[in-house]
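Data block below; observations after.
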Amino acid sequence: MSFKRDLSRFVKKTNTMTEQVFKGTTIGLFNKVVLRTPIKSGRLRNSWQPSVNSPSNSTKERGGNDIESTVLNAKIGDKIYITNNLPYAKKIEGGSSTKAPQGMVAVTVAEYQAIFKGNVNNAKKGK
């Protein structure tokens, strides 16, 4: 085998693994935020908006969450956001809910390292 071919394979494998870790970590984090969102009417949970390269300004409820499709269509280097623009989302994140006294986002962000490491290990194993 030639050095050029070996290097090309290495670059391709590295890019694939990087993308897998990037997308897997993002999907994992975003899904945890949504699942940690307390439900009263369901509106708050259904109003999380994933978007690429700029935060969403929408308050539109989504019947089903499109986190996976948004993240899977993103590219390395893109910024991926999850926003909830309902007026009371910040209050709930601040601990006003007995169902989520620690919030949803802050608790999930604290778990970033573990989620990231899990995705790195999965990429190494080819999962």
Side-chain angles (χ1 to χ4, degrees):
M1 295 213 172
S2 74
F3 175 73
K4 185 176 179 179
R5 192 175 318 137
D6 289 346
L7 185 59
S8 178
R9 286 183 183 159
F10 172 77
V11 168
K12 184 176 180 180
K13 182 177 179 181
T14 301
N15 287 341
T16 299
M17 290 174 67
T18 300
E19 188 170 336
Q20 183 180 346
V21 170
F22 166 65
K23 291 179 178 184
T25 300
T26 303
I27 290 169
L29 287 167
F30 287 6
N31 281 335
K32 281 182 173 274
V33 168
V34 172
L35 291 174
R36 286 183 166 140
T37 302
I39 298 175
K40 187 172 182 180
S41 68
R43 185 167 182 229
L44 183 65
R45 185 177 279 187
N46 287 330
S47 294
W48 286 106
Q49 308 290 325
S51 58
V52 177
N53 292 325
S54 63
S56 172
N57 294 321
S58 175
T59 57
K60 182 178 94 175
E61 277 188 68
R62 299 190 185 273
N65 201 308
D66 59 331
I67 288 171
E68 280 196 30
S69 62
T70 300
V71 173
L72 292 175
N73 286 312
K75 295 172 182 55
I76 295 294
D78 284 342
K79 293 178 183 177
I80 306 177
Y81 295 86
I82 187 166
T83 53
N84 195 317
N85 295 306
L86 291 179
Y88 56 92
K90 189 172 183 178
K91 186 176 178 182
I92 301 293
E93 176 63 26
S96 71
S97 170
T98 57
K99 293 180 181 177
Q102 312 268 295
M104 303 88 55
V105 178
V107 174
T108 304
V109 168
E111 297 174 351
Y112 168 79
Q113 285 290 347
I115 294 168
F116 176 78
K117 285 180 182 179
N119 280 286
V120 168
N121 288 335
N122 286 340
K124 285 180 181 177
K125 293 175 186 174
K127 291 184 179 180

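Note that the structure is predicted; figures quoted are calculated from it, not measured.
- The shortest non-hydrogen separation linking Asn119 to Val21 is O-CG2, 3.6 Å.
- In this structure a side-chain-to-backbone donor-acceptor pair under 3.5 Å is missing from Thr83 to Asn85.
- Around CD of Glu111, the count of heavy atoms belonging to other residues, nucleotides or ligands within 6.0 Å exceeds 12.
- Note: Tyr88 OH to Ile92 CD1 = 7.5 Å, rounded to the nearest 0.5 Å.
- At a threshold of 4.5 Å between non-hydrogen side-chain atoms, the residues Phe116 and Leu29 do not count as touching.
- Under the 3.5 Å distance criterion, the side-chain polar atoms of Ser96 are matched with a main-chain donor or acceptor of Lys91.
- Distance check: Ile115 CD1 to Thr108 OG1 gives 6.5 Å after rounding to the nearest 0.5 Å.
- Shortest non-hydrogen contact noted between Phe22 and Ile80 is CZ-CD1, 3.5 Å.
- Here the straight-line distance linking atom NZ of Lys79 with atom OG1 of Thr26 works out to 13.5 Å at 0.5 Å rounding.
- When Pro55, Ser56, Pro50 are each tested for a side chain to side chain contact (heavy atoms under 4.5 Å, CB included) with Tyr81, only one passes: Pro55.
- Lys99 contributes a side-chain N or O that, together with a main-chain N or O of Ile39, makes up a donor-acceptor pair within less than 3.5 Å.
- At least one side-chain heavy atom of Ile27 sits under 4.5 Å from a side-chain heavy atom of Leu72.
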Steps toward side-chain contact (heavy atoms from CB on, under 4.5 Å) verdict (Met104, Trp48): CA-CA 12 Å; Met104 303 88 55; Trp48 286 106; 3.7 Å; yes
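- Note that CZ of Arg36 is 10.5 Å distant from CD of Glu93, once rounded to the nearest 0.5 Å.
- Note: Lys23 NZ to Glu68 CD = 11.5 Å, rounded to the nearest 0.5 Å.
- Grouping the Ile, Leu, Val, Met, Phe, Trp and Tyr side chains by contacts below 4.5 angstrom, directly or via other members, places Val52 apart from Ile82.
- Under the 4.5 Å side-chain heavy-atom criterion for grouping Ile, Leu, Val, Met, Phe, Trp and Tyr, Leu35 is not connected to Val71 through any hydrophobic cluster.
- Separating the CZ atom in Phe30 from the CG atom in Asp66 is a distance of 11.0 Å, to the nearest 0.5 Å.
- Thr37 approaches Arg45 most closely through the heavy-atom pair O-NH2, 2.9 Å.
- A donor-acceptor pair under 3.5 Å links the side-chain atoms of Asn46 to the main chain of Gly42, judged by distance alone.
- A donor-acceptor pair is defined here as one N or O able to donate and one able to accept, closer than 3.5 Å; such a pair exists between the side chain of Thr16 and the backbone of Lys12.
- At distances below 3.5 Å, not a single donor-acceptor pair connects side-chain atoms of Asn84 with backbone N or O atoms of Gln49.
- The shortest non-hydrogen separation linking Ser47 to Thr59 is OG-O, 3.9 Å.
- In plain terms, the two heavy atoms of Asn31 and Ile67 that are nearest each other are OD1-CD1, 3.6 Å.
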